[in-house]
Every structure is written in structure tokens, then in C-alpha cells.
Amino acid sequence: MMKYWLMKNEPEAFSIDDLAKVKTEPWDGIRNYQARNFMRDDMSMGDKAFFYHSSCKAPGIVGMMEIASKAYADHTAFDPNEHYYDPKSKPDNPTWIMVDVKFISKLDAPITLQALRQYPQVSGMRLLQKGNRLSITPVEKKHWDFIHTLM
DNA sequence: GCCAACGTTGGC
DNA sequence: GCCAACGTTGGC
């Protein structure tokens, strides 16, 4: 059964345009257990995800991508020179993992957070819940489908 | 840059 | 195992 996701990233670090260029990219740097568990336990190859730009002028959904690998060790956790280095993650038993994502499309016009908040049809989305900070959240099919009607 | 809301850490 | 202090996220 295909699942749907929303994955946040700061466009200054890696944007939808960057993904459009490289086509496939490891989604590294996740250092939150809930987000990790989603990748480890619930994501499958072929799942679809919204690419969301956060911490920017107009936060919102900017494109779509496909999960292109199973979860595997996030090697950036092993390297002391990396920003996301975490000494408690060991190569033989990695704490942190990542998946590859594949570019599907960039939206002609982003669907901003501000716009999403206007629609009661998506008011239940985790993204819109107060205090939500998770960078990876599941998206219900009904929400996924409704957002497509906005494109 | 501010700050609310979380998540994590570490002393006890 | 509790919880205060600290760190991070992310919208505004």
C-alpha cells in the first residue's frame, strides 16, 4: 500500500531546484527519533512525498518526489567534520538513517503554508497542527488528493 | 531576531 | 525516573 509523506527542508541548504538538477539525493541529516522511525518503519520504495520549503520567506509545498531506496545508514553521523556528526551512531549499529529521494516535479506555483491554512479540507494535517516541528510527517491520502486539486 | 513549542541531556 | 536547563525548529 503506497504511503504519502511531507518532508521539510530549508531551501538555502537544499531546494527543489537542487533536487531537480541532481534527480536523486540522499535525505541525510535527520536527527529526530520520530522522523527516523517513520523512515525506518513506515516508508517504502515508491512512496510519494511533498517537498516542503521551511524557514524561508514563503514556507510551503514546492514539489513532489518519490522514495527511491530503503532506509540505510546516514554516514554523515560518523564523520566528526560533518555538521550532523553524532558519536553515538556507530557504523555497525547506526542510530541515524536516511532514504534516497527522486525528483518527480516542481510545482508551477508553490502551495504556501498560508494558503493551506485556508482550507478546512486539510485542517487535520499534521503539518498544520500547533507546535508541529517534525521534518517528516505522514500525509493522509485524502489530504494528498485534495492538495492535488490545488495544483 | 523573537519566541513558542518541543526534544534532549544530565544531575540527582 | 524526574525534571530543570538547554538546544532546536520554524513561523512570524
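Side-chain atoms are counted along with the backbone in the values below, which use heavy atoms only and exclude waters and symmetry mates. Remember, it's a predicted structure, so these values are computed and weren't measured experimentally. So that the names make sense, note that chain A is the first sequence line, chain B the second, and so on, each numbered from 1.
- Between A:Asn9 atom CG and C:dT9 atom P there is a gap of 11 Å when expressed in whole angstrom units.
- A donor-acceptor pair is defined here as one N or O able to donate and one able to accept, closer than 3.5 Å; such a pair exists between the side chain of A:Gln129 and the backbone of A:Ser123.
- The distance between atom CE of A:Met7 and atom P of C:dT9, rounded to the nearest whole Å, is 16 Å.
- Residue pairs that meet the ring pair (Phe, Tyr, Trp, His ring centres under 6.0 Å) test with at least one member in residues 83-126 of chain A, sequence neighbours left out, are A:Tyr33-A:Trp96, A:Tyr119-A:Phe146.
- A salt bridge (charged side-chain N to carboxylate O under 4.0 Å, His left out) check over residues 93-119 of chain A, counting only residues at least two apart or in different chains, returns the pairs A:Asp17-A:Lys106.
- Remark: A:Lys141 pairs with A:Asp145 by the salt bridge (charged side-chain N to carboxylate O under 4.0 Å, His left out) rule, at least two apart or across chains.
- Within a heavy-atom distance below 4.0 Å of DNA chain B, no residue of residues 74-83 of chain A is found.
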>> Strictly under 4.0 angstrom, non-hydrogen atoms only: write out the protein contact profile of nucleotides 1-8 of chain B, one letter per nucleotide from the 5' end, B, S or -.
In response: ----BBSS
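- The CD1-C1' distance, from A:Ile136 to C:dG10, rounds to 16 Å in whole Å.
- For the pair A:Ile61 CD1 and C:dG10 C1', the interatomic distance rounds to 16 Å; values are reported in whole Å.
- When every heavy atom of A:Ala35 is checked against every heavy atom of A:Ser135, the shortest pair comes out as CB-OG, 4.3 Å.
- Taking atom CG of residue A:Leu127 and atom C1' of nucleotide C:dG11, one finds them 11 Å apart after rounding to whole Å.
- In this structure, CG of A:Leu128 is placed 11 Å from P of C:dG11, rounded to the nearest angstrom.
- Residue A:Leu107 comes nearest to A:Gly63 through the heavy atom pair CG-N, 3.9 Å, listed as atom of the first residue, atom of the second, then distance.
- Residue pairs meeting the side chain to side chain donor-acceptor pair (under 3.5 Å) criterion with at least one member in residues 36-53 of chain A, sequence neighbours excluded: A:Trp5-A:Asp47, A:Asn37-A:Arg40.
- The distance between atom NE2 of A:His53 and atom P of C:dC12, rounded to the nearest whole Å, is 17 Å.
- One atom, CZ of A:Arg126, and another, P of C:dG11, lie 16 Å apart when rounded to the nearest Å.
- The two residues A:Leu134 and A:Asn132 come nearest to each other via the heavy atoms N-OD1, 3.3 Å.
- Between the side chains of A:Arg31 and A:Thr76, a donor-acceptor pair is found at a separation under 3.5 Å.
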